Amino acid sequence: MDVTNSDNILEQVTTSEYKYGFYTDIENDMAPVGLNESTVRLISAKKLEPEWMLEFRLKAFRHWQSLQEPEWAHIHYPKINYQDIIYYAAPKKKKELASLDEVDPELLETFNKLGISLDEQKMLSGVAVDAVIDSVSVKTTFQDTLARHGIIFCSFSEAVREHPELIKKFMGSVVPYTDNYFAALNSAVFSDGSFCYIPEGVRCPLELSTYFRINAANTGQFERTLIVAEKGSYVSYMEGCTAPQRDENQLHAAIVEIIAMDDAEVKYSTVQNWYPGDKEGKGGVYNFVTKRGLCKGKRSKIAWTQVETGSAITWKYPSCVLMGDNSIGEFYSVAVTNNYQQADTGTKMIHIGKNTRSTIISKGISAGKSNNSYRGLVKILSGATNSRNFSQCDSLLLGDKCGAHTFPYIEAKNESSIIEHEATTSKISEDQLFYCNQRGIDTEKAIGLIVNGYAKEVLNKLPMEFAVEAQKLLAITLEGSVG
Amino acid sequence: MLLNIKNLHVEIDGKEIIKGLNLGVNKGEVHAIMGPNGTGKSTLAAAITGREGYDITEGEIWFKGTNIIEMDPDERANLGIFLSFQYPVEIPGVSMTNFMRTAINAKREYNGQPTIPAGEFLKMMEEKKNLVEIHSKLTNRSVNEGFSGGEKKRNEIFQMAMLEPSLAILDETDSGLDIDALKVVAKGVNQLRSQENAFVIITHYQRLLDYIIPDFVHVLYDGKIVKTGGKNLALELEAKGYEWIKEQQFV
Ligand SMILES: Nc1ncnc2c1ncn2[C@@H]1O[C@H](COP(=O)(O)OP(=O)(O)O)[C@@H](O)[C@H]1O
Ligand SMILES: [Mg+2]
């Protein structure tokens, strides 16, 4: 973190209300409210999908209908009425866009407010952005550079049209639609998302980045991301979310699938900042996401880094299936909850191959009346000889009305493997706050500083530009959490 | 007068610790406050800097023409009061650089100035580090984390140099320092001394006062200043011990 950046962060942390709570007035092309087979058909038709894609959706939909919504021990929310949700909304688009000039100025304005710049500066800084507003990809940059390396980075819809063989081969291979309730729902109605393919031996020269955003009222967002890293390839992928303020609860049920072949490495970083609801706990996004990476090849590596500051409810366990011998899974997480937020997040590390290793670093921060749970599973199958896991789960409490819970589940079926687990719970001390105060730093800024220090180990894993954003969000999220 | 404390009474948990204290400090002056352990020296520092839990039940603290007893600690700091802590705390993961920059910008914001440009800040860091002979590696580490006792104290003086307060209170900055570290601290203070600022140096040894010559020496005993004199009073105390003061109290 250079000095200028940390400085900017503290400067920008000035307002207490949710910073990204604005609404862009774009005409929407929407599906009727509710969910049935014809909704699924409509979505598929709108997207001009081939028959096989529709079939996939319909199978998922029928399966979803047979399922019961799961109930979770540590999160509570009013029942979602799935017939009350609009499952498809696309910004009305007049024609295909050739350049940025043709993008709807209001859309550009939204991006600017979010701090996403699609301009030269950003390009020079080496970020390719595939921006998703509601359900349709609006703009993709850097296609040329990527194309030169044979890298495919496009919207999911485009991939279905242009690379059907890849989609057919990999979609649902890590997270099948039968995986869970929300995975089935997503598979039936997913609107768009990103597809990324790194060919054998290629190191992706750019940080690939997708910004998601819920925009229209009452629309659920069902994104799908698929990343395939062929032998010996490398990619770092960033996903960032901000959602505008809204009173009704919004449902977000995404799927992310990653596949890493022999010697491939994928870093997946997320900063999640969906609208968390107001101070009374009204509104906010329900974030039920299924993220899973498959270390299919030998010596492959998948690292999840996440900073979770938003959503009224977060339910999310980015996981690694360590199938290839000597493969590595990592999970670094900072989850912050304030006011009435509830987070139940963690990871699953499934050791299948020999000499597989996993590391889990989880930093939970709870303030207000929020609840923050770490739920992690380390599973070592019988063939996973000499496998190792190290888990460190820390909780930081601000105030005495919030809760922190740790649920580490361990299933070890191989005697030669080693599992280590450490956990701590701490509070910000009055001494630390006074020390900062005495240096002229007010209590809110002091908390931001202390919390960022506490989470540093994880923040350091993020790509630079993301780390800056994440630090800002941590501080913003905890504003008003003292006193 | 820069600092004017009138009839100050301070309670901790309902127990009176400071019992009617008066103290006036002008710009350009160095005051030493001496006294045995547990007489309320740190409590006085806490009351001046506004620490929670130190209840002012009576009296006034005037600083730069304002009675500051209702003011938040950060505002007092930004007004120009600095405390070198007797026991500096560690803040894991927060680099000294980031911490200092945050503090300096808080002060600048308070004074309606723009944030400090990165270049200027780094130059200032270098300058002040040399002043207190602090090594670069200390400022690259997290605030006080893993610092030795002496390093922590030097780091306090470094922060003082960075923040350029008009009133600096040094609470036993000398305890636990070897003679070389003590000289470094004294040198730092002496270089920062000017006609525009003042120092209140809390100590119970006269040692430091060989290097920082005070204008006044006060003896704090049982929550009150019981004796005030020039720098010779410190020598006298050293020679006769605090018993001498106690005896005088009961005469
Ligand atoms: N936080 C506290 N809670 C309770 N008592 C305290 C606290 N701080 C100081 N005291 C008491 O106040 C008195 C003065 O302490 P202090 O100001 O630290 O003395 P000195 O700095 O002169 O050694 C002592 O009796 C001490 O026990
Ligand atoms: Mg003391």
Side-chain angles (χ1 to χ4, degrees), chain A residues 1-14 307 332 334 361 363 365 392 394 396 424 426-462 467-468 470-472 474-475 482-483, chain B residues 45-46 48-54 71-85 87-95 97-111 114-122 125 142-145 156 159-160 162-163 165 169 171:
Chain A
M1 174 74 15
D2 84 344
V3 168
T4 324
N5 280 326
S6 33
D7 185 36
N8 284 342
I9 293 157
L10 290 156
E11 272 169 47
Q12 290 184 22
V13 178
T14 45
V307 175
Y332 303 100
V334 176
I361 309 282
K363 303 267 181 182
I365 301 157
Q392 166 93 45
D394 298 327
L396 184 68
T424 65
S426 51
K427 290 191 169 200
I428 290 187
S429 78
E430 195 267 329
D431 282 353
Q432 287 174 326
L433 287 178
F434 181 68
Y435 193 79
C436 294
N437 288 161
Q438 212 302 306
R439 299 304 184 243
I441 302 166
D442 67 39
T443 301
E444 295 221 322
K445 280 204 187 97
I447 287 179
L449 208 58
I450 294 167
V451 163
N452 272 305
Y454 163 82
K456 194 175 201 167
E457 212 179 331
V458 173
L459 298 177
N460 280 347
K461 298 283 174 190
L462 290 171
V468 174
Q471 296 205 338
K472 274 190 270 184
L474 286 190
V482 279
Chain B
I48 297 172
T49 51
R51 184 157 195 162
E52 212 174 304
Y54 293 74
M71 211 179 256
D72 285 342
D74 49 303
E75 193 178 350
R76 297 187 202 201
N78 288 325
L79 253 190
I81 300 176
F82 178 91
L83 173 62
S84 166
F85 284 76
Y87 306 107
V89 298
E90 300 185 359
I91 311 180
V94 178
S95 73
T97 308
N98 190 16
F99 183 70
M100 255 4 290
R101 193 168 162 85
T102 307
I104 283 183
N105 281 330
K107 185 173 177 184
R108 289 172 74 114
E109 189 185 327
Y110 182 80
N111 292 325
T115 55
I116 189 165
E120 193 180 317
F121 173 75
L122 292 173
M125 289 273 285
S142 297
V143 179
N144 292 321
E145 200 181 33
E156 294 292 291
Q159 293 177 51
M160 177 179 84
M162 289 292 288
L163 293 168
I169 304 164
D171 192 357

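None of these values were measured; they are calculated from a predicted model. Quick note on labels: first sequence line is chain A, next is B, and so on, each numbered from 1.
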Verify the distance criterion only: is there a donor paired with an acceptor across the side chains of A:Asp431 and B:Tyr87 at less than 3.5 Å?
no
Atom CD of A:Glu430: over 12 foreign heavy atoms under 6.0 Å
yes
Taken to the nearest 0.5 Å, the spacing of B:Ile91 CD1 from A:Ile428 CD1 works out to 10.0 Å
Looking only at heavy atoms, the pair that brings A:Arg439 and B:Leu83 closest together is NH1-O, 2.8 Å
Rounded at 0.5 Å granularity, tell me how far CD in B:Glu156 sits from OH in A:Tyr435.
3.5 Å
Would you call the rings of A:Phe434 and B:Phe85 parallel, tilted or perpendicular, where under 30° means parallel and over 60° means perpendicular?
perpendicular
Quick one: does A:Gln432's side chain get under 4.5 Å of B:Pro92's, heavy atoms only?
yes
For the CD atom on B:Glu90, are there more than 12 heavy atoms of other groups (residues, nucleotides or ligands in this structure) within a distance under 6.0 Å?
yes
In terms of heavy-atom pairs under 4.5 Å with chain A, the winner among B:Ala103, B:Gly53, B:Pro165 is B:Ala103
Validation row: A:Leu449, B:Asn98 side chains within 4.5 angstrom (heavy atoms)
yes
Can you tell me which portion of B:Arg51 sits under 4.5 Å from chain A's heavy atoms? Options are side chain, backbone, both or neither.
both
A:Asp442 versus B:Asp74, closest heavy-atom pair with distance:
CB-OD2, 3.3 Å
Looking at B:Leu79, B:Val89, B:Leu163, which one has more heavy-atom pairs under 4.5 Å with chain A than the rest?
B:Val89
Side chain, backbone, both or neither: which part of B:Pro88 has a heavy atom under 4.5 Å from chain A?
both
Quick one: which of B:Met162, B:Gln159, B:Met100 has the most heavy-atom pairs under 4.5 Å with chain A, could you say?
B:Gln159
Main-chain N/O of B:Gly50 paired to A:Gln438 side chain as donor or acceptor, under 3.5 Å:
no
Checking heavy atoms, do the side chain of B:Glu75, its backbone, both or neither come under 4.5 Å from chain A?
neither
Please report the shortest heavy-atom distance between A:Gly440 and B:Asn78, naming the atom on each side.
O-ND2, 3.1 Å
